[in-house]
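One structure is given below, encoded as structure tokens.
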Number of protein chains: 2
Amino acid sequence: MPMTISEVSERFGLSQDTLRYYERIGLIPPVRRSASGIRDYGEEDLKWIDFVKCMRQKAGLPVEMLIEYLALFQQGDGTLDARKTLLVEQRGRLAEKIDDMTSTLRRLDDKIARYEQTIGGKEQALRAP
Amino acid sequence: MPMTISEVSERFGLSQDTLRYYERIGLIPPVRRSASGIRDYGEEDLKWIDFVKCMRQKAGLPVEMLIEYLALFQQGDGTLDARKTLLVEQRGRLAEKIDDMTSTLRRLDDKIARYEQTIGGKEQALRAP
DNA sequence: CTACCTCCTGGAGTCCTCTCCAAGTCAAGC
DNA sequence: GCTTGACTTGGAGAGGACTCCAGGAGGTAG
């Protein structure tokens, strides 16, 4: 079951350009090629793509960090500690971002509530006289 | 109490360039000037800056949207509904982002937990023989 | 008066993350 | 054997959000 770039692109909703770009900059490991140089994605590749997509699009982690993570990964078991440290650090940042966003969400809610009051007030004013 | 750009910059941790930039693109209202053209920030300005800083740095809302919000605001009460709609929409996006990040946080936690197991396992292996 | 500091403006430059493009190659169908 | 279509590459372009800079002016201190 050959997994071409177009199939992977479709499956993950990432453009072919983005997939090639990710590979080029070392965000995902080099993909195996057919005799004529065409990429053939394997299970492992798909896992990396899934991981990277999640960390980039959902968490917004910096590309830099993910490149470093893959680099460590490819250096083998000696980097387990370093990898874990990296993840823990990013986890911290992410948690912080979530906190920030949550407090901002509340702020927005307050603001919206005030709009509702104001607008409600106007409507009543229109109904009253 | 004149509030110069350097004071505002210090107070909010935004560079003077950023403050001028924000004003230029309509993210904050035009600031009053002294006779010689030097900005003198008032209470209202500070509130806008605080709001914008929060929405940009904490929530990551797009500059575009904030410009639109200010523009509506400056058009007066006729835009109350539109403004509220804008906020509600962004609130939704933000909530979604928070959800995404929260699920990613869990995923990171899982990954970290697995690293802990693996590394713990190694340590035990070292202690055992 | 001169020096100096902070401010001003408009425009160019930078960083990050893609995204697009031109030119070329290969496999398959007719 | 030629066309077609999906794939390849390296490099240029794009968009968002700043950030920096040159050149110039006002106010103050010595």
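Below, read A as the first sequence line, B as the second, and so on, with proteins coming before strands; counting in each chain starts at 1.
Minimum heavy-atom separation, A:Ala59 to B:Thr104: CB-CG2, 3.5 Å. A pairwise comparison of heavy atoms in A:Leu72 and A:Ala82 identifies CD1-CB, 3.9 Å as the closest pair. Shown here for B:Leu87 and B:Met65, the closest heavy-atom pair between the two residues is CD2-CE, 4.1 Å.
For the pair A:Ile67 CD1 and C:dC15 C1', the interatomic distance rounds to 14 Å; values are reported in whole Å. Straight-line distance from the CD atom of B:Glu23 to the P atom of C:dG10: 11 Å, rounded to whole Å. In this entry the distance linking CG of A:Leu19 with C1' of C:dT19 reads 13 Å, nearest Å. With rounding to whole Å, B:Ile38 atom CD1 is found 12 Å from C:dT6 atom P. Atom P of nucleotide C:dC18 and atom CG of A:Leu66 are separated by 10 Å, given to the nearest angstrom.
For the segment residues 5-17 of chain B, the set of residues with a heavy atom within less than 4.0 Å of an atom of DNA chain D comprises B:Asp17, in numerical order. The stretch residues 85-96 of chain A has no heavy atom under 4.0 Å from DNA chain C, so no residue of it qualifies as close. At a non-hydrogen distance threshold of 4.0 Å, B:Arg56, B:Pro62, B:Val63 from residues 49-65 of chain B come into contact with DNA chain D.
In this structure A:Thr18 satisfies the side chain to side chain donor-acceptor pair (under 3.5 Å) test together with A:Ser15, sequence neighbours excluded. Listed by chain and residue number, nothing satisfies the side-chain contact (heavy atoms from CB on, under 4.5 Å) test with B:Glu10 (two or more places apart in sequence, or in another chain). Partners of B:Phe73 according to the ring pair (Phe, Tyr, Trp, His ring centres under 6.0 Å) rule, which considers only residues two or more places apart in sequence or in another chain, are B:Trp48.
Aromatic ring centres of A:Tyr41 and A:Phe12: separated by at least 6.0 Å.
Ion pair A:Arg107/B:Asp50 flagged as a salt bridge, since at least one NZ, NE, NH1 or NH2 atom sits closer than 4.0 Å to an Asp/Glu carboxylate oxygen.
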Give me, pair by pair, the N or O atoms of the protein and of nucleotides 28-30 of chain C that are less than 3.5 Å apart, along with how far apart they are.
none

Report, one pair per line, the protein and nucleotides 22-25 of chain C atoms (nitrogen or oxygen only) whose separation is under 3.5 Å.
none

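Boundaries of the chain A contact region on DNA chain D are D:dC7 to D:dG11, first to last in 5' to 3' order (nucleotide atom under 4.0 Å from a heavy atom).
Listed by first and then second residue, the side chain to side chain donor-acceptor pair (under 3.5 Å) pairs involving residues 54-68 of chain A amount to none (not counting sequence neighbours). Listed by first and then second residue, the side chain to side chain donor-acceptor pair (under 3.5 Å) pairs that reach into residues 86-100 of chain A are A:Glu89-A:Arg93, A:Arg91-B:Asp109, sequence neighbours excluded.
Defined by atom type and a distance below 3.5 Å, a donor-acceptor pair is missing between the side-chain atoms of A:Arg83 and A:Tyr69.
Using a 4.0 Å heavy-atom criterion, one finds that B:Arg20 contacts the bases of the nucleic acid, with or without backbone contacts as well. Among the heavy atoms of the strands lying under 4.0 Å from A:Arg24 is at least one base atom, whether or not backbone atoms are also near.
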Got a list of side-chain donor-acceptor pairs under 3.5 Å for residues 21-29 of chain A, not counting sequence neighbours?
{"unit_1": "A:Glu23", "atom_1": "OE1", "unit_2": "A:Arg39", "atom_2": "NE", "d": "2.7"}
{"unit_1": "A:Glu23", "atom_1": "OE2", "unit_2": "A:Val31", "atom_2": "N", "d": "3.0"}

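Side-chain contact between B:Glu7 and B:Arg11 is absent, with no heavy-atom pair separated by less than 4.5 Å.
Taking for each of B:Thr18 and A:Arg33 the nucleotide of DNA chain D with the nearest heavy atom, the 5'-most of the two is the partner of A:Arg33.
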